Amino acid sequence: MSEIPALDKDKGPAKVHLLPTTYLPTLPPQAEAYEYHRTAHTPIIIDNGSTNLRWGFGSSSRPNEEPKTFTGPNAIAKYKERKTNKPLLLFGEAIDSESGARGQARTPWEGDVLLNFDALENALDYAFIQLGVDTQTVDHPILMTERLCSPLHSRALTSELMFELYSVPSLTYSIDGVMSFYQNHRTTPLNSPFMSNGLVISFNTASTSVIPILRGKGILSLAKRIPWGASQSSEYLLKLMQLKYPNFPTRVTSTHTNWMFHNFCEVSSDFPSLLRQLQDPLHFRASEVVVQFPFVLPVTEEKTEEELARITERRKEQGKKLQEMAANKRMEKLLQKETDLQYLTSLKESKGTETKKEWMSKLQAENLDSEVALDEIIKKLEGDLKRARKKEAGEVDDGPQEEPSFPLLDVPDLELDEEGIKEKKKQRLLKAGWDARARARREKEREREEKEKEEKKEEDERDQDLGGWSRKLRQEQEALMSKIKERSRRKAALTDRKSAAAQARMKNIASLAADDRVPKAKKRKAGGEDMFGADDADWAIYRKINTAAPSSDEEDDMIQLQIIEQKLLTHDPTFTLQNTHASIATQRSALMSAFRPSYEEGDVEGNARIHLNTERWRVPEAYFSPAMAGVDSAGITEVIQNLIPSFLESRSRPGVLDYLDDRRQVIQNIFLTGQPSLIPGFSTRLETSLKSLLPPDSKVTITRAANPALDAWKGMAAFSRTDEFKSAGCAMTKEEYEEYGGDRVKRWWGGNWNGEIGNSVGGMKVDGENFVIEETMDVDS
Amino acid sequence: MPPKGGFKKKALSDGTSTPLTPSLAVQLSYLHQPRPFKNPNYSKNVNRRAKNLKAVLTQERERERVEREARRLEREHLMKVEPDAASRIPEEVPSYTTVEAPPSVLPHRHLCDITGLEAPYTDPATGLRYHDKSVYEIVKGLSAGIAKDYLSARGVNSVVK
């Protein structure tokens, strides 16, 4: 009884469903001409549901024709159009024609309670206008639905509207689930008595009702309302989706989830076994339904080849120009230096020809104070020029190759004058610098050689035994990763005050803070000295207790890890990107990726997708255990289970119940109605769970209304044509309304019991027949 | 008419270029359709807007309590006068509050708060139920706020400590 289709691996992802496109509302359909109904005073049937309002005349002007039903979302919007500044009043689907109107939409219902009577009045206006009522009053008997045991406040105000605003002659309330049952079980001809038995499960928008019907009468004292319905299911699904996709690009609304709920959800016939089945990621993937939300592809600016070529050309040219400019500058500098050099050498040469004084003054003019300085500067310029020429020729300058001489160093101090000693000191310093540089160069050289040797060795090793080499490196990688993991685990443990790591840290801190860190006995032995710090390792304790300190080890490890991984990636063909630390750290289990498949960062289409999998069964399951969604109430099965003692005779207390056969039929004949009953699997689930509750060999039949959405209205229309309706045994007339008030009704088989005339203050109802049933029942329930 | 709207309207009536075709919403509006069937003398009930859901339900509960009490007294009185008649009086009249399904007494199945699968484990830190090790990795990474959201989906509203 697998509910999950086998995954077809070749097929790829499951079918992707697009969100339904919304159509613009059209003008409402025309009702048939009012002429006939004006004089016939045909009853008007109104099914006032919390999602949809359905209305129409109870019979057609042509005798053999089914009466026409009109239906629309039960909401109105008062709205001022922006363009013309005209006030508008819209009903039902028409609200969708204007985005601004949607925000102004009001519905008569607040959850399960009829509360907003302005909206109700507007909705009823619409219905009566649409039916073409053109007389001074709505001169038709009204048959209207009411929620199971509707609060009297709601009823009183509805009656007030009907009798005082619309001046209807009579008003009858009925319960939608019962009337749907009537439509599917009534016998022909029309006026034959209605004596069917069954258990109605009425799936409403904000609640689900279980109503037993015994010998054609709704037993409301045993009826139960479960505060879980389609709207709660949609909200629950919405919540789950928001948690599953916290960063979804478009706003998911309850309208979307409502659509998903009605189209993709299923009731599991055996929820626990289904969950076990789903543990297998393959099954998990197979069970999913993908919903594609609208998305906009990002606009990428595409340039033509020509443009690209032009851009590179321009760039090249600019580069060239810059290079030229730099070369020119270099050239100029070089020329300058060359002329300088020429002048200075000529100056040096002129030393012989001119007088010393003249020559010195010339030198001074050049900001030089001695011949030595002149020599120096000439030497420097020459070197510069040499280097520049070499560079120009494309050679790399390696700096001065030959070791400069330091002649003074070998001369003893005694042979030198003061100048000489100064010079010697200078030369010593210079030599030390030179030596150090040479040492560093040699060191570098050695290191490079060593590295090369090592690399060579590693290469040889790799060439000889690739497996062993890669094993070794992999072990190293593993060790580093576990080290990193251990560190992060410790970090996480430290955030928890009660963890062992945190406690150990506290202990360390305490012992460091204590004055007599060294025990007294030990102190005496070690000469009373605190030996902390004698060993360098002692200081590690401070690193250990400082949780906030950034660990340099961590960075080192990461670098080391990267080197190893890079080596493995280039040389070991079996080591792929998936084996790297980074991808392992972000890897998700098969289960999690089946639960919420991830798409690439830039995949706009994929990121606008919702994958429904466990939710498809999880959400409808709440009908059977609302507790899983946080509603503390018995589910459908439990409510039925509680009803069993009232309908099956117990062996210990025989003779308490009457109409035993009829009662047994009630519990064995389950009838489903209301839109959510169309969700696949309700029948099978109820059948299996009921069979386990009832005595063995009990025959259980589960039927669903022929039209779960419309049958309540059709049943009411059919009832409005019977003599029973016309006899006004169930309707409140205008006089009765004035006498008893708007919250009072007469008790009849299809209506509510609360607020019943005559019974409200404990008086007995005249019609005793109705009591036979409940009298005996109450003993056991 | 607010001044802003007035200005707009003026601009529109001046514009002679294109005659305005009524939008779909204007066509669908039934604000100005005649409603001869409505009683012009009816004045709205004052209670109509004053009561919110909570007030209505409280009123309903209170009314029911009073009724039940009255019925009890009546029954006691009847028992004194005529002992046989007691059984003929109905115990309960169903009302909005009494038809409410009772709380569940069946044991709850533990489901994984993340995936919806069976959940044999509970994270002591957040109270989230989880299916296995791989889900626990996710649970560990959740911030306190998100963990709370997950809990509230199952109706557990954690108390701030």
Side-chain angles (χ1 to χ4, degrees), chain A residues 24-25 81 85 87-90 94 97-98 101 110 113 115 117 125-126 128-129 133-138 148-149 151 153 157 160 164-167 220-221 223-226 239-240 243 275 278-279 589 591-592 595 614 618 627-630 632-634 638-639 753-754 759 761-762 774 778, chain B residues 5 8-9 12 20 23-31 33 35-39 42 45 47-49 51 53 56-57 59-60 63 67 70-71 74 87-96 99-104 106 108-109 111 115-118 132 134-135 138 149-150 153-156:
Chain A
L24 277 181
E81 208 203 20
N85 207 27
L88 300 179
L89 182 58
L90 300 170
S97 66
E98 197 77 34
E110 198 154 307
V113 179
L115 205 63
F117 294 91
D125 279 356
Y126 183 83
F128 293 139
I129 290 172
V133 179
D134 56 8
T135 45
Q136 286 301 303
T137 62
V138 179
L148 176 67
C149 294
H153 172 78
L157 285 169
E160 188 184 304
E164 295 189 22
L165 182 63
Y166 300 113
S167 320
L220 301 197
S221 56
K224 283 287 170 248
R225 181 191 61 236
I226 302 161
K239 202 157 202 180
L240 291 180
L243 287 169
L275 287 184
L278 283 174
Q279 283 174 20
S589 69
L591 174 71
M592 282 317 289
F595 174 65
T614 38
R618 187 180 176 180
M628 61 190 266
D632 187 19
S633 165
E638 202 179 342
V639 165
W753 289 7
N754 58 342
N759 196 27
V761 220
E774 96 214 54
D778 285 335
Chain B
K8 250 187 187 166
K9 203 171 179 189
L12 270 174
L20 223 71
S23 71
L24 185 60
V26 174
Q27 287 176 52
L28 290 172
S29 170
Y30 63 102
L31 185 66
Q33 292 198 28
R35 297 165 169 79
F37 46 80
K38 283 177 104 164
N39 179 4
Y42 171 68
N45 188 315
N47 267 341
R48 206 160 119 167
R49 279 185 192 167
K51 282 196 173 139
L53 185 61
V56 168
L57 292 183
Q59 182 196 19
E60 182 77 11
R63 193 188 51 73
E67 267 183 32
R71 221 174 295 127
E74 176 117 358
S87 63
R88 295 227 311 279
I89 300 155
E91 290 278 304
E92 284 295 327
V93 168
S95 75
Y96 187 79
V99 292
E100 182 120 23
S104 178
L106 300 177
H108 294 169
R109 192 177 295 119
L111 296 181
T115 63
L117 295 173
E118 282 174 334
D132 67 358
S134 61
V135 184
I138 309 283
D149 284 349
Y150 270 108
R154 136 157 86 87
V156 180

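Please read all numbers here as calculations on a predicted model, not as lab measurements. By convention in this document, chain letters (A, B, ...) are assigned in the order of the sequence lines, proteins followed by strands, and residues within each chain are numbered from 1. Values below: every heavy atom of this structure, side chains too, minus hydrogens, waters and symmetry copies.
- Taking both residues in full, the closest heavy atoms of K239(A) and A153(B) are given as CD-CA, 3.9 Å, listed atom of the first, atom of the second, then distance.
- For R154(B), the parts lying near chain A are the backbone and the side chain together; criterion is any non-hydrogen pair under 4.5 Å.
- With respect to chain B, the highest number of heavy-atom pairs below 4.5 Å among A223(A), A629(A), P151(A) belongs to P151(A).
- The residue among T135(A), I226(A), L157(A) with the most heavy atom pairs within less than 4.5 Å of chain B is T135(A).
- To the nearest 0.5 angstrom, E638(A) atom CD is 3.5 Å from L106(B) atom CG.
- With a threshold of 4.5 angstrom between heavy atoms, V138(A) approaches chain B through its backbone and through its side chain.
- Only the side chain of V56(B) comes within contact range of chain A, with heavy atoms under 4.5 Å apart.
- Across all their heavy atoms, S134(B) and M592(A) have their closest contact at O-CG, 4.1 Å.
- Interface check for chain B: of the options V133(A), D125(A), L148(A), the most heavy-atom pairs under 4.5 Å are formed by D125(A).
- A donor-acceptor contact shorter than 3.5 Å is absent between the side chain of S104(B) and the backbone of S633(A).
- Counting heavy-atom neighbours within 6.0 Å of Q136(A) CD, excluding the residue itself, gives a total of 12 or less.
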(request) Could you please spell out the steps behind the side chain to side chain contact (heavy atoms under 4.5 Å, CB included) verdict for V99(B) and N754(A)? (result) CA-CA 11 Å; V99(B) 292; N754(A) 58 342; over 6 Å; no

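- Chain B forms more heavy-atom pairs under 4.5 Å with one residue of V639(A), L243(A), L88(A) than with any other, namely L243(A).
- The closest side-chain heavy-atom distance from Y166(A) to K38(B) is below 4.5 Å.
- For F595(A), the part sitting under 4.5 Å from any heavy atom of chain B is the side chain, from C-beta outward, and nothing else.
- Per-residue heavy-atom pair counts under 4.5 Å with chain B were compared for C149(A), A94(A), S97(A), and the maximum is reached by C149(A).
- Distance check: L111(B) CG to L275(A) CG gives 6.0 Å after rounding to the nearest 0.5 Å.
- In this structure, chain B has a heavy atom under 4.5 Å from the side chain of E81(A), while its backbone stays farther away.
- Proximity to chain A (any heavy atom under 4.5 Å) is restricted, for E60(B), to the side chain, taken from C-beta onward.
- Within the model, atoms CD of E98(A) and CG of L24(B) stand 8.5 Å from one another, a figure rounded to the nearest 0.5 Å.
- For N39(B) (side chain) and E164(A) (main-chain N/O), a donor-acceptor pair under 3.5 Å exists by modelled atom type.
- Looking at Y126(A), its side chain never comes within 3.5 Å of a backbone N or O of Y30(B) through a donor-acceptor pair.
- Both the backbone and the side chain of L117(B) come within contact range of chain A, judged by heavy atoms closer than 4.5 Å.
- By the 4.5 Å heavy-atom criterion applied to side chains, F37(B) and L165(A) are not counted as neighbours.
- Considering only heavy atoms from C-beta on, T115(B) stays 4.5 Å or farther from L278(A) through its side chain.
- Across E160(A) and Y42(B), no two heavy atoms sit closer than the pair OE2-OH, 2.6 Å.
- In this structure, chain A has heavy atoms under 4.5 Å from both the backbone and the side chain of E118(B).
- Proximity to chain B involves both the backbone and the side chain of L90(A), based on heavy atoms less than 4.5 angstrom apart.
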